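Working notes, beginning with the structure itself.
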Amino acid sequence: MAYQSINPNTGKLLKTHDHLTSAQLEKSLAKAESCFQQWRHTSYPERAAIVNKAALLMAAHIDDFAKLATLEMGKRIDEARAEVKFSSDILAYYAKHGEAFLQPTKLHPTDGTAHMESTPFGVLLCVEPWNFPFYQLARIAGPHLMAGNTVVVKHASCVPQCAIAFEKLLIDAGAPVGAYTNLLISHEQAFQVIDDPRIKGVALTGSVDAGRSIAARAGQNLKKSSMELGGSDAFIVLEDADLDKVIPWAVWGRMYNAGQTCCAAKRFIAVESIADEFLARFKQALETLKPGDPMDEKTTHGPLSTEDALLQLLKQVDTAVAKGATLLMGGKRIDRPGSFMQITILSDIQPDNPAFRDEFFGPVVSFYRVKDEAAAIALANDSDFGLGGSVWTKDEARGKRVASAVDTGMMFINNLNWSDAELPFGGIKNSGYGRELGNMGIQEFVNKKLVRMGHFPAPL
Ligand code: NAP
């Protein structure tokens with residue numbers, strides 16, 4: 001199927017884009033490769049000037065970018081503006097720090113001297129999801145362009161206008177043609193790109209299924225990959241938590257981006273003695289959210305990204321209930337145009353219920369009550385995913401203890417401030433491998449080359 005831009009608030013088709021022809025794809029790859037041969041020899045300040053210019057342009061046109069995201073995938077407009085601002089910050093961050101992150105590092109061998117150099121891989125394929133249509137692109141463009149790589153990007157098929165706008169941003173900022181190339185391609189074409197010898201690395205952010213197939217294909221080609229996949233993060237409420245502070249975060253943690261965030265709080269695990277009060281107050285707070293046009297600043301509950309996403313979520317909820325879960329709230333589509341889902345709370349989810357393991361990518365709360373802290377940790381860890389999680393307690397030392405005991409790539413104590421340009425983002429288990437953002441993010445696709453010097457006695 002071609003790329004389709006559909007407004008999820010109305011269901012109206014806005015634009016379609018055909019997949020690239022084989023000849024167009026070949027031209028794009030050839031250009032990315034020839035650009036790499038020049039780009040790799042540019043200085044860090046030259047790269048930084050372009051990446052920083054892109055950051056400035058983005059910051060100067062926040063509303064234009066934000067409206068595009070809201071139009072194509074239904075993100076509420078204030079969230080979309082914040083995403084664009086943050087994307088600009090990420091680009092600026094790598095423009096500022098990229099050179100320092102990739103400086104040679106000295107080693108201390110027994111004889112002579114040695115250091116590690118960082119050199120770019122070449123052309124990278126990045127496959128990206130729709131849920132943060134600009135932030136995801138900034139997360140790969142900033143570091144990898146600063147490292148001297150060039151990137152070809154397959155964005156999700158429901159956000160072609162965002163994809164095209166980001167490519168234009170880089171061109172407008174002065175990037176040579178081929179440094180950042182948007183590819184409107186099918187899954188099969190993405191496989192061909194992975195197989196192409198000019199491609200030297202593959203980064204994917206998306207679902208576990210996509211991760212399995214893309215990582216397998218990269219593996220067959222012995223190409224390095226990084227995988228940023230789904231999550232089912234625990235939100236652990238201990239008995240000493242301050243609910244006045246917890247409830248707004250619980251609402252935000254589940255409902256931000258209409259619940260379509262990889263590291264959203266998805267499993268709410270409350271210790272018995274506070275569970276009833278937490279649940280009652282959480283439910284009450286969720287009931288105040290009002291569905292509406294995401295372009296309207298007053299809206300507090302936006303649509304899901306597509307009709308398919310809504311149907312998939314409804315099916316998951318129906319299955320969960322059929323398998324014994326209790327529906328405490330919602331569970332249906334909202335009777336209005338667009339792909340709106342009622343805010344839903346499920347409880348009594350037993351381990352043999354698919355809902356116990358699956359990711360709910362939308363406004364669905366899975367609620368669990370447990371005996372104590374140890375049981376909360378055990379339940380949090382009883383997951384195929386390992387992206388993030390949070391713990392809520394007035395006792396900081398206790399919060400640190402729980403954070404250390406939960407097996408994920410990221411843990412948050414009394415906050416859900418998930419992302420910062422400086423902080424490495426990523427998970428373990430089915431949530432993937434590798435990290436984006438921060439110093440770690442720029443190191444993923446550079447050759448760490450050892451150089452040793454010294455006059456040693458000749459071998460006998
Ligand atoms: P998705 O269906 O896996 O799609 C993600 C991207 O992969 C899209 O560009 C999609 O293209 C492409 N894709 C999927 N299957 C493919 C295949 N077999 N071959 C080639 N390309 C393929 O995921 P999504 O529904 O858009 O995004 C939601 C998922 O992403 C959730 O699980 C979420 O948790 C995860 N996510 C993770 C992070 C993180 O950093 N860990 C961040 C954001 C989202 P098409 O659109 O053309 O199918």
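Just so you know, these numbers come straight off a predicted model, no measurement behind them.
Side chain to side chain, Gln443 and Asn439 meet the donor-acceptor criterion of an N or O pair below 3.5 Å.
By the 4.5 Å heavy-atom criterion applied to side chains, Pro160 and Glu72 are counted as neighbours. Within the 4.5 Å cutoff, no side-chain heavy atoms of Leu204 are placed close to those of Ser225. Counting only heavy atoms from C-beta outward, the side chains of Asn257 and Lys75 approach each other to under 4.5 Å. Contact annotation: the side chain of Met227 approaches that of Ile214 to within less than 4.5 Å [non-hydrogen atoms, C-beta and beyond]. Looking at heavy atoms from C-beta onward, Thr205 lies out of side-chain contact with Val127 at the 4.5 angstrom threshold. In this structure the side chain of Thr306 never reaches within 4.5 angstrom of the side chain of Ile6, judged on heavy atoms. Using a 4.5 Å cut-off on side-chain heavy atoms (C-beta onward), Gln161 and Leu14 make contact. Looking only at side-chain heavy atoms (C-beta outward), Leu124 and Thr150 stay at 4.5 Å or farther from each other.
Taking the charged nitrogens against the carboxylate oxygens, Lys429 and Asp407 have no contact shorter than 4.0 Å, which rules out a salt bridge.
Surrounding NZ of Lys85 are at most 12 heavy atoms belonging to other residues, nucleotides or ligands under 6.0 Å away. Atom CZ of Arg212 is surrounded by 12 or fewer heavy atoms from other residues, nucleotides or ligands within 6.0 Å.
Looking only at distances, a side-chain donor or acceptor of Lys223 sits under 3.5 Å from a matching main-chain atom of Ile194. No donor-acceptor distance shorter than 3.5 angstrom exists from the side chain of Glu359 to the backbone of Gly230, with no hydrogens or angles considered. Panel note: side chain Thr300, backbone Leu289; no donor-acceptor pair is recorded below 3.5 Å. For Glu83 (side chain) and Phe134 (main-chain N/O), a donor-acceptor pair under 3.5 Å exists by modelled atom type.
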Step-by-step salt bridge (Lys or Arg N to Asp or Glu O under 4.0 Å) determination, Asp296 to Arg76: CA-CA 8 Å; Asp296 179 348; Arg76 293 191 298 107; over 6 Å; no

Intermediate values then yes/no, salt bridge (Lys or Arg N to Asp or Glu O under 4.0 Å), Asp318 and Lys315: CA-CA 5 Å; Asp318 288 348; Lys315 198 165 143 200; over 6 Å; no

Chi angles and distances behind the side chain to side chain contact (heavy atoms under 4.5 Å, CB included) call for Arg369, Ile269: CA-CA 6 Å; Arg369 58 182 80 226; Ile269 301 173; over 6 Å; no

Evaluation steps, side chain to side chain contact (heavy atoms under 4.5 Å, CB included), between Asp420 and Phe425: CA-CA 9 Å; Asp420 183 303; Phe425 191 103; over 6 Å; no

Stepwise side-chain hydrogen bond (donor to acceptor under 3.5 Å, both in side chains) check, Thr393 with Asp240: CA-CA 5 Å; Thr393 168; Asp240 64 345; 2.8 Å; yes

Step-by-step salt bridge (Lys or Arg N to Asp or Glu O under 4.0 Å) determination, Arg139 to Glu128: CA-CA 10 Å; Arg139 247 169 53 155; Glu128 300 301 323; over 6 Å; no

CA sep, side-chain torsions, deciding dist, call: Lys266, Asp233, salt bridge (Lys or Arg N to Asp or Glu O under 4.0 Å): CA-CA 5 Å; Lys266 292 175 187 144; Asp233 290 5; over 6 Å; no

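Ring planes of Phe356 and Tyr368: perpendicular class, angle over 60° (limits at 30 and 60°). Between His97 and Tyr93, the angle of the ring planes lies from 30° to 60°, which puts this pair in the tilted group.
In this view, Lys154 and Tyr3 satisfy the side-chain hydrogen bond (donor to acceptor under 3.5 Å, both in side chains) rule, not counting sequence neighbours. For Phe235, the ring pair (Phe, Tyr, Trp, His ring centres under 6.0 Å) partners are Phe268, Trp392, not counting sequence neighbours. Contacts of Asn182 classified as side-chain hydrogen bond (donor to acceptor under 3.5 Å, both in side chains), with partners at least two apart in sequence or in another chain: none. Residues satisfying the ring pair (Phe, Tyr, Trp, His ring centres under 6.0 Å) test with Tyr433, not counting sequence neighbours, are none. Partners of Gln24 by side-chain hydrogen bond (donor to acceptor under 3.5 Å, both in side chains), not counting sequence neighbours, listed by chain and number: Thr21. For the side-chain hydrogen bond (donor to acceptor under 3.5 Å, both in side chains) test, no residue two or more places apart in sequence or in another chain qualifies with Trp130.
For Trp249 and Trp418, the gap between ring centers reaches or exceeds 6.0 Å.
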